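Note that the structure is predicted; figures quoted are calculated from it, not measured. Values reported hereafter were calculated over all heavy atoms of this structure, with side chains retained and with hydrogens, waters and symmetry mates removed.
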Amino acid sequence: MTGALYLREGLTLKRARQADGEEVRALQRDLRATGYLRRGIDGDFGPMTARAVRSFSYDLLHNDGSGGHDGAAPVAVTAYNRGRVSQVTDEVDQGLAACLAEMAADAAFPKLPESPDPRAANETARETIAGTVSTVAPVPWLTQMLRQESGLRHFNEPGAGDDDRFVVVGFDRNRRGVPEQVTSRGYGLGQFTLFHHPPRQEEVDAFIADPMGNLDTAIQEFREKFDRFVNGPTSGTRADDRIAEIGEGELRLCKYEQDDPRYMTDCRACAQEAERRTIEMGEPYYPGAAGRYRLTQYYRSPERYRDVPARAAIGCDWPYAARRYNGSGPNSYHYQTRILLRLAGREW
């Protein structure tokens, strides 16, 4: 097992210790494969590795596999503890090391996939996206969303001294007062989110290992947000900005008719032709909104966005669906704004 290098009597790995880089690499590889390290197999026990160890130790104490609204995990992380870890820690003693090594070697624990040639796999995915035309959801919008989500990468591409080739993963830690807990993970191109951990093997096969499966999942998810979370029957299924700016009328797929070649394909021109606005931190999300644009842990800048295409002037409801793809809170408004800017060929 890969854990053999960090399984050694008396060895403790931690940030302050100048450990053998290969020991740390083995540790990082197993943390990456089991879904605790966001990125980096470089032999440096830095803050990201320390945070991964804390999240792993937290799960050894608390993650019983019950999951969230998307169902249970296939195994309970707590089952690997067996009394060897008693507190959340960022140090790897031999008790914690044995837990990780056993988990990494257990076929019942689905692992995150890696690619033998991630650059080629990512380029193939980008070429496929560029050549995709869909009447389910507009690919120009989706392309900019994937760029925002993952940089249009499904697998991490290794760099100097870093051999990380695993699928791109993003973490949310949204439980107030418990920064050690990873509350959800997004995977691959579209960062499709799961609230249970580890993922089920069928999820790994369907959209975590396969970039094209991930793209298909993102397209379907984007359309579901459009159909069910823009002008739905309850407050939780509505986009408040859409209701305030457009009203409760019928959903608008595109301002062009279906037999027009521009139908759900000419999105960049629509964004570029729309009137522009400046968005300042502190102003309401929309006229009359209680919530206001503000900087967050995920969006620490800028203080204002300039030349943003006005979402109400685009002529369709995809700007509102794009926001709901990211949720409904303050981060979703930053997300929507950046997608609008990217779609128009601008940055912030």
Using every non-hydrogen atom in the two residues, find where [X] and [Y] come nearest and quote the distance to one decimal.
| X | Y | value |
| --- | --- | --- |
| L343 | C267 | CD2-O, 3.8 Å |
| H154 | I208 | NE2-O, 2.8 Å |
| G40 | D164 | N-OD2, 2.8 Å |
| R173 | S55 | NH2-OG, 3.0 Å |
| L11 | L5 | CD2-O, 4.2 Å |
| D44 | Q28 | O-NE2, 3.1 Å |

Can you hop from [X] to [Y] via hydrophobic side chains spaced under 4.5 Å?
| X | Y | answer |
| --- | --- | --- |
| Y36 | V167 | no |
| I314 | I339 | yes |
| L31 | V204 | no |
| I246 | L251 | yes |
| L61 | L100 | no |

How long is the span from the [atom1] atom in [X] to the [atom2] atom in [Y], to the nearest 0.5 Å?
| X | Y | atom1 | atom2 | value |
| --- | --- | --- | --- | --- |
| S134 | L142 | OG | CG | 8.5 Å |
| R338 | W348 | CZ | CH2 | 5.0 Å |
| F229 | S328 | CZ | OG | 10.0 Å |
| S57 | E180 | OG | CD | 7.5 Å |
| L253 | C316 | CG | SG | 8.5 Å |
| F207 | L215 | CZ | CG | 13.5 Å |

Side chain of [X], backbone of [Y]: donor and acceptor closer than 3.5 Å?
| X | Y | answer |
| --- | --- | --- |
| R223 | V136 | yes |
| T296 | N331 | no |
| R25 | I41 | yes |
| D317 | R252 | yes |
| R242 | Y320 | no |

Any side-chain heavy atom of [X] sitting closer than 4.5 Å to one from [Y]?
| X | Y | value |
| --- | --- | --- |
| C254 | W318 | no |
| D93 | L96 | yes |
| Y305 | L340 | no |
| P198 | V75 | yes |
| P330 | Y299 | no |

Checklist entry - So, R238 and D240, do they make that salt bridge, N to O below 4.0 Å? => result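 Answer for the salt bridge query: no.
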Next on the checklist: Can you see whether F166 has R39 sitting over its ring - NZ or CZ less than 6.0 Å from the centre and within 45° of the normal?
Outcome noted: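 The answer is no; the distance or angle limit is not met.
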Flag for [Y]-[X]: side-chain donor and acceptor within less than 3.5 Å:
| X | Y | answer |
| --- | --- | --- |
| Y325 | Q191 | no |
| R175 | Q181 | yes |
| D241 | Q336 | yes |
| Y298 | D172 | yes |

Next on the checklist: Show, in sequence, the C-alpha distance, side-chain angles and deciding distance for E203 and H196, and conclude whether the side chain to side chain donor-acceptor pair (under 3.5 Å) test is met.
Outcome noted: CA-CA 11 Å; E203 293 166 333; H196 57 267; 2.8 Å; yes
Checklist entry - Run the side-chain contact (heavy atoms from CB on, under 4.5 Å) check on R84 and E102 step by step: do they pass? => result CA-CA 12 Å; R84 292 178 289 197; E102 289 178 17; 2.9 Å; yes
Checklist entry - Which of these, N122, D216, L189, sits in a side-chain contact (heavy atoms from CB on, under 4.5 Å) with P211? => result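 Only one option passes, and that is L189.
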Item to check | Criterion side chain to side chain donor-acceptor pair (under 3.5 Å) on T237 and R228, from CA distance to verdict | outcome: CA-CA 6 Å; T237 61; R228 296 183 54 197; over 6 Å; no
Heavy-atom count check: over 12 atoms from other residues, nucleotides or ligands less than 6.0 Å from [X] [atom1]?
| X | atom1 | answer |
| --- | --- | --- |
| E9 | CD | no |
| E257 | CD | no |
| R306 | CZ | no |

Checklist entry - So Y256 and T265, side-chain contact (heavy atoms from CB on, under 4.5 Å) or not? Walk me through it. => result CA-CA 10 Å; Y256 298 112; T265 62; over 6 Å; no
Quick one: side chains of residues 282-292, donor-acceptor pairs under 3.5 Å with protein atoms, not counting sequence neighbours, listed by atom name and distance.
unit_1	atom_1	unit_2	atom_2	d
E283	OE1	E280	N	2.8
E283	OE2	R277	NH2	2.8
Y285	OH	R292	O	3.3
R292	NH1	G282	O	2.8

Next on the checklist: Set out, in order, the CA-CA distance, both residues' side-chain angles and the distance that settles side-chain contact (heavy atoms from CB on, under 4.5 Å) for M281 and R304, then state yes or no.
Outcome noted: CA-CA 6 Å; M281 295 304 105; R304 66 180 57 83; over 6 Å; no
Item to check | Pairs where residues 107-120 contributes a residue and the test side chain to side chain donor-acceptor pair (under 3.5 Å) is met, not counting sequence neighbours | outcome: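 Checked against side chain to side chain donor-acceptor pair (under 3.5 Å) - neighbours excluded - the pairs reaching residues 107-120 are R29-E114.
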Item to check | side-chain contact (heavy atoms from CB on, under 4.5 Å) between E250 and N231, intermediate numbers included | outcome: CA-CA 8 Å; E250 184 177 352; N231 190 16; over 6 Å; no
Next on the checklist: Once you measure the plane-to-plane angle for H69 and F195, does it fall in the parallel (<30°), tilted (30-60°) or perpendicular (>60°) bin?
Outcome noted: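 Tilted, since the angle between the ring planes falls between 30° and 60°.
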